[in-house]
S.K.: 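Below: one structure in structure tokens.
Lettering of chains follows the sequences in order, A, B, ..., and the numbering in each one begins at 1.
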2 protein chains.
Amino acid sequence: MERSTRQRTSIRDAIRDAGRPLGPVEILEAARGAVPALSLATVYRTVRRLAESGEIQAVTLPGESVRYEIAGGTHHHHFQCTACSRVFDVHACPGNLARLAPEGFTVEDHELTLYGRCRECQPARRGAKRGAPGRAGG
Amino acid sequence: MERSTRQRTSIRDAIRDAGRPLGPVEILEAARGAVPALSLATVYRTVRRLAESGEIQAVTLPGESVRYEIAGGTHHHHFQCTACSRVFDVHACPGNLARLAPEGFTVEDHELTLYGRCRECQPARRGAKRGAPGRAGG
DNA sequence: GTGGATGCAAACTCTTTGCACCTTG
DNA sequence: CAAGGTGCAAAGAGTTTGCATCCAC
């Protein structure tokens, strides 16, 4: 059965506290705050377990490697900031996309990714404060 | 300057003739019909060149490695078959997605992927012929 | 005390790169 | 003939796995 280890707890907490999808290395760095000796292999093994058990879910964006977020349950999409590369949830959906498929095709599901500037990375405008952290990678 | 080699021609033709986005190995296999000694390294180098020159464009779907298709120019999306994994173009767009982003976020672009059954992989229904090739991977 | 969990390092897969040889213009 | 292109093999980056040790139950 599933044991409650410090590693597993720190990984789950890291994902939960982030409030946005995190990649394996981001999880590692965040979780090392609680468990400094945590290894990347354990992160990979644990996120797979947590994803299989339904506690977290994989977020796969076009051209990006996997990120993970707490399984909230509701259908939603994602927004990736073109400046800081971070990913955020979008709790809205255009809906009714089945009509877009070519004739003879059956639509079962869809994924939508929006790209643009997140709140912190808005380009400077007349007198606007720039709060962008400028983080690259991720 | 750009030379016209048999390899480059076979790669470009393979992508053009496929009518759907192909991955590096798919391109290799298709192009080897014309140039049997073609190497995967050349495929990688060539698609990068062709993509940089704008002749072809990368198609990156969630959780999938890159595919390439002829740069047609018009904005479109993609459909991935959950049975054969192949990817097809969708020449339609829900449009007006900027409103979906959280407040304070600016939307510059979007990507949409539909999932379901392609024409050849439709589940058998009353007396329908099954034409599905059942290709996995790719 | 036992079996699952962890850390390390090696293995794997996918992609890129160095280098000698070949081909196009 | 010169410059760019190609094939092979090795190198990188990201992810998975074998194994001895450790720890939750």
S.K.: How many angstroms lie between atom NE2 of H77(B) and atom CD of E111(B), to the nearest 0.5 angstrom?
M.R.: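 Going from NE2 on H77(B) over to CD on E111(B), the span is 8.0 Å.
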S.K.: Hey, what do you get for CG (L22(B)) to CD1 (I11(B)), rounding to the nearest 0.5 Å?
M.R.: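 The distance works out to 11.5 Å.
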S.K.: Identify the residue among E120(A), Q80(A), E26(A) that makes a side chain to side chain donor-acceptor pair (under 3.5 Å) with R86(A).
M.R.: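 Going through the options one by one, the only one that passes is E120(A).
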S.K.: If you go through the side-chain atoms of R3(B), does one of them form a donor-acceptor pair with the base of dG4(D) closer than 3.5 Å?
M.R.: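 A donor-acceptor contact between them is present.
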S.K.: Out of curiosity, R8(B) CZ to R45(B) CZ, how far, rounded to the nearest 0.5 Å?
M.R.: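 Between atom CZ of R8(B) and atom CZ of R45(B) there are 10.5 Å.
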S.K.: Side-chain N or O of R49(B) versus OP1/OP2 of dG5(D): is the shortest distance under 4.0 Å?
M.R.: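 Result: yes.
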S.K.: Tell me the interatomic distance from L28(B), atom CG, to dT13(C), atom C1', rounded to whole angstroms.
M.R.: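 Nearest whole value for this atom pair: 16 Å.
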S.K.: Rounded to whole Å, please give me the gap between CD in E2(B) and C1' in dT23(C).
M.R.: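 Distance, rounded to whole Å: 15 Å.
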S.K.: Could you tell me the separation between the CD atom of E52(B) and the C1' atom of dT16(C), rounded to a whole number of Å?
M.R.: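 These atoms are roughly 13 Å apart.
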S.K.: When you look at E108(A) and T82(B), which way does the side chain to side chain donor-acceptor pair (under 3.5 Å) test go after all the steps?
M.R.: CA-CA 9 Å; E108(A) 301 167 344; T82(B) 54; 3.3 Å; yes
S.K.: Is the distance from OP1 or OP2 of dT6(D) to the nearest side-chain N or O of T5(B) less than 4.0 Å?
M.R.: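 Yes, because at least one side-chain N or O of T5(B) sits under 4.0 Å from OP1 or OP2 of dT6(D).
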S.K.: What does the B/S/- profile of nucleotides 8-18 of chain D look like, 5' to 3', with a 4.0 Å heavy-atom cutoff to protein?
M.R.: BB-----SBBB
S.K.: Measuring to OP1 and OP2 of dC23(D), would you say a side-chain N or O of Q7(A) lies under 4.0 angstrom away?
M.R.: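 Looking at the OP1 and OP2 atoms of dC23(D), neither is under 4.0 Å from any side-chain N or O of Q7(A).
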